[in-house]
A.B. asks: 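Encoded as structure tokens, here's the structure I'll be asking about.
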Amino acid sequence: MSSDLLAGLNPEQLRAVTWPAKSALVLAGAGSGKTRVLTTRIAWLIQTGQISPAGVLAVTFTNKAAREMQARLAAMIPVNVKSMWIGTFHGLCNRLLRMHYRDAGLPQTFQILDMQDQLSAIKRLLKSLELSDEKFPPRSVQNFINGNKEAGQRASALGAHDFYGQKLIELYAAYDAQCRREGVVDFAELLLRSYELLSANQALCHHYRSRFRFILVDEFQDTNRLQYAWLRLLAGQDNAVFAVGDDDQSIYAFRGAEVGNMRSLLRDYSVEEAIRLEQNYRSVGTILKAANALIEHNDGRLGKNLWTEAGEGEEIRFYEASSDVDEAEFIVDEVRGLKREGMNLADIAVLYRSNAQSRALEHALVNAALAYRIYGGLRFFERQEIKHALAYLRLMDNPEDDNALLRVINLPARGIGARSVENLLNASRDGGTSVWQAACSAAGGRTAASLAKFVLLIEAMRERASGLTLAETVSLVIDDSGLRVMYEQDKKESEERLANLDELISAAAAFVPESQDQVLVEFLTSAALEAGEHQAEAGADALQLMTVHAAKGLEFDAVFASGLEEGLFPHENSMNDAKGLEEERRLMYVAVTRARQRLYLSCAQSRMLHGQTRYPIRSRFVDEVPSELLRVLSSQKPLVRPSVKAPWLEKKSQQPAVSVVDESMQGLHIGQSVTHAKFGLGVVVNAEGGAQDTRLQINFAEHGLKWLDLRYAKLQPA
DNA sequence: TGGGTCAGTCTTTTT
DNA sequence: GACTGACCCA
């Protein structure tokens with residue numbers, strides 16, 4: 001009967017699926033059927049009696065992927081998929097910590113801080129320690145803490161060479177102490193804490209080791225050091241780690257992912273050779289050729305070449321727009337055309353490097369009345385009204401949660417202003433208590449009628465909520481806290497916010513808890529862990545807009561890779577070191593390999609960014625695609641930059657550029673491509689000075705922005 | 001205390 | 001452009 005399962009697999013897939021009970025590394029190219037391999041292997045292991053469902057530990061990259069894997073398995077074999085441990089690292093660690101909260105030294109109902117919460121916790125800490133956030137930017141403190149946690153390092157294990165470093169370490173320790181006091185745990189802490197739980201607790205570790213004989217990991221290229229260590233710990237000497245990944249699609253180094261884990265796995269688990277899945281079932285030939293050519297430019301790859309039995313397909317279309325607006329309009333036109341040809345909007349994606357780029361697209365789409373869906377930006381559980389409501393819920397569950405308390409203590413305004421809060425914070429710091437306790441004692445005092453009311457409000461809500469369902473509780477909180485009235489009175493955006501609050505009640509009604517006794521905690525946990533993954537879900541027929549990161553693992557009939565400009569894609573923060581640039585290129589590789597049939601590449605000669613206009617030049621990634629694969633669209637805009645008068649010049653009327661008389665520019669103008677003997681190709685982006693001393697600012701492809709004196713710089717129109 | 005305005009800042013990607 | 005923090009005034 002296992003032949004059913006294995007039917008239709010190609011030889012490499014079959015080899016991977018039926019790999020014996022030892023560790024393996026599967027190098028799975030984009031569109032090579034890796035999800036199928038992974039799920040089929042689990043099904044095969046169960047069907048051949050090598051493991052029971054409860055012995056399965058599978059790690060996915062997103063919660064959505066975990067759900068999909070469960071659904072697929074349920075369709076493949078008749079087992080209770082609930083008994084399997086399938087989830088993200090964070091989800092699995094959360095599960096572990098909830099089950100063994102005592103051993104882990106956590107309160108039973110510990111709450112999870114998302115990045116926002118963590119940041120505000122850090123800001124609060126800095127304030128209480130009277131450290132200026134100029135010297136210690138909360139963001140970098142956050143990075144420091146998370147970076148170290150992801151490397152498995154506690155503050156106590158760190159050493160510093162200088163005063164500043166020492167201070168950071170102290171902050172890290174103080175932050176952890178604060179979290180402990182408040183009963184909260186950040187993302188990285190979930191992992192680190194469960195790692196420590198297992199390594200400190202032999203019996204527990206053994207228990208899980210003997211349970212999970214087979215450990216399967218998807219998107220292995222995006223695991224970080226701590227996750228790798230966690231896997232090693234669980235695998236011990238005897239268990240088999242079956243890791244599936246693609247080093248060419250490693251795009252999360254910025255948050256600690258180590259592609260090197262792939263090589264480490266080969267070494268640490270004595271895997272002789274990786275299994276390569278190179279046959280692609282997704283894209284046509286030209287797209288694969290482009291992807292292969294592009295990724296060739298990276299060094300140190302494990303090596304892999306995608307091929308297909310499908311035909312060559314169409315050429316890749318390239319369009320260089322005059323502006324971001326023009327680019328958006330071009331995309332809209334093409335999407336309309338595709339729709340006329342019968343393509344579903346939902347099978348078309350517009351990808352971009354950063355979320356901010358969606359604005360121009362959105363604008364054009366609204367004008368064109370095309371249905372679209374944007375993934376990214378603010379997620380549901382990150383919206384302020386939702387976070388406010390959740391904060392009340394958290395507070396009811398655990399009043400020691402200072403983060404939650406401070407968020408809503410004066411929201412809606414109830415006469416507890418900045419001054420009172422300050423006093424509370426001081427009292428809590430001096431007394432070594434939570435802010436809640438400080439509020440309780442201060443509420444007894446004479447001046448604190450509003451504080452007393454707040455304390456009573458929370459307690460009353462807690463009492464009234466007992467015995468209610470989750471949805472009823474959420475509804476009660478929204479009403480009794482005054483949030484609903486507050487938004488009803490507030491005209492700005494109130495409709496949407498109220499709708500979101502109602503949506504929260506619906507989400508609570510639809511929530512399926514694992515157990516009956518911790519429903520609220522589970523709900524809050526899932527809100528934090530799944531805050532809204534930026535992954536597309538099937539829905540109405542609408543054009544899909546998302547970042548390239550969010551598109552990982554997805555595929556579309558047609559893909560627009562937009563904003564292919566130096567400084568944007570590759571992003572300026574990453575393009576100056578080799579590693580950063582290679583990650584950008586992998587990102588581009590991911591973008592390209594999302595497309596099944598048709599791929600568009602586009603860039604713009606001018607773009608509004610951060611509220612000002614920039615004149616970027618075409619991304620090097622466009623040039624890394626072999627030109628014979630490209631079809632350049634728009635005849636009046638050849639690959640070489642045109643030297644027509646740029647339309648955006650009019651907009652620059654307040655800019656210094658205007659003070660320059662035309663003659664002084666020797667026939668050059670802003671937006672024009674030029675070459676310089678030393679700096680190479682660039683674009684004139686600004687000008688200043690008078691007729692005698694004109695200086696031009698030029699954005700060079702290789703050397704970035706430079707001011708050059710027109711009298712000396714020998715510039716040639718390109 | 002609370003609401004308003006304004007200037008200044010920082011913008012890559014996210015489990 | 002969006003969000004923050006600072007400042008001012010009722």
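A note on names: the letters A, B, ... follow the listed sequences, proteins ahead of strands, and every chain is numbered from 1.
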A.B. asks: Is A/Arg614 salt-bridged to A/Glu572, going by a charged N under 4.0 Å from an acidic O?
C.D. replies: yes

A.B. asks: Over how many whole Å does the gap from A/His571 atom NE2 to B/dT11 atom C1' extend?
C.D. replies: 8 Å

A.B. asks: Does A/Ser420 place a side-chain N or O at less than 4.0 Å from the phosphate oxygens OP1/OP2 of B/dT1?
C.D. replies: yes

A.B. asks: Could you work out which one of B/dG3, B/dT14, C/dG1 sits closest to the side chain of A/Ala413?
C.D. replies: B/dG3

A.B. asks: Provide, to the nearest angstrom, the distance between the CE atom belonging to A/Met588 and the C1' atom belonging to B/dT13.
C.D. replies: 16 Å

A.B. asks: Would you please confirm or rule out a distance under 4.0 Å between OP1 or OP2 of B/dT13 and any side-chain N or O of A/Ser574?
C.D. replies: no

A.B. asks: Using the side-chain heavy atoms of A/Asn410, tell me which of these nucleotides is nearest: B/dT14, C/dG1, B/dG2.
C.D. replies: B/dG2

A.B. asks: Within the structure shown, what part of the strands sits under 4.0 Å from A/Arg586 by heavy-atom distance: base, sugar-phosphate, or nothing?
C.D. replies: nothing

A.B. asks: Hey, is the side chain of A/Asn355 poking within less than 4.0 Å of OP1 or OP2 on B/dT14, counting only N and O atoms?
C.D. replies: yes

A.B. asks: State, with a plain yes or no, whether a side-chain heavy atom of A/Glu196 is found less than 4.5 Å away from one of A/Leu192.
C.D. replies: yes

A.B. asks: Please give, in whole Å, the distance from C/dG1 C1' to A/Met608 CE?
C.D. replies: 8 Å

A.B. asks: Is it the case that the side chains of A/Thr525 and A/Glu522 hold a donor-acceptor pair, with the cut-off being a distance below 3.5 Å and no angle test?
C.D. replies: no

A.B. asks: Does A/Met115 reach a base, just sugar-phosphate, or nothing at all? Heavy atoms under 4.0 Å.
C.D. replies: base

A.B. asks: When the distance from CG of A/Asp114 to C1' of B/dT14 is rounded to whole Å, what number comes out?
C.D. replies: 11 Å

A.B. asks: Let me know the distance between CG of A/Leu587 and P of B/dT13, rounded to the nearest Å.
C.D. replies: 11 Å

A.B. asks: Is the shortest heavy-atom distance from the side chain of A/Arg607 to the side chain of A/Glu327 under 4.5 Å?
C.D. replies: yes

A.B. asks: Rounded to whole angstrom units, what separation is found between the CZ atom of A/Arg139 and the P atom of C/dT4?
C.D. replies: 10 Å

A.B. asks: In whole Å, what separates the P atom of B/dT13 from that of C/dT4?
C.D. replies: 16 Å

A.B. asks: Is the shortest side-chain heavy-atom distance between A/Ile251 and A/Val548 below 4.5 Å?
C.D. replies: no

A.B. asks: Under 4.0 angstrom, heavy atoms only, what part of the nucleic acid is A/Leu609 near: base, sugar-phosphate, or nothing?
C.D. replies: nothing

A.B. asks: What's the closest nucleotide to the side chain of A/Lys123 if the choices are B/dT1, C/dT4, B/dT15?
C.D. replies: C/dT4

A.B. asks: Which whole-number value in Å describes the distance from A/Gln116 CD to C/dA2 C1'?
C.D. replies: 14 Å

A.B. asks: Select from A/Gly417 and A/Tyr252 the residue whose nearest nucleotide in DNA chain B is closer to the 5' end of that strand.
C.D. replies: A/Gly417

A.B. asks: Please give, in whole Å, the distance from B/dT14 P to A/Asp186 CG?
C.D. replies: 19 Å

A.B. asks: Taking the side chain of A/Arg359 as its heavy atoms from C-beta onward, which of C/dA2, B/dT13, B/dT15 lies nearest to it?
C.D. replies: C/dA2

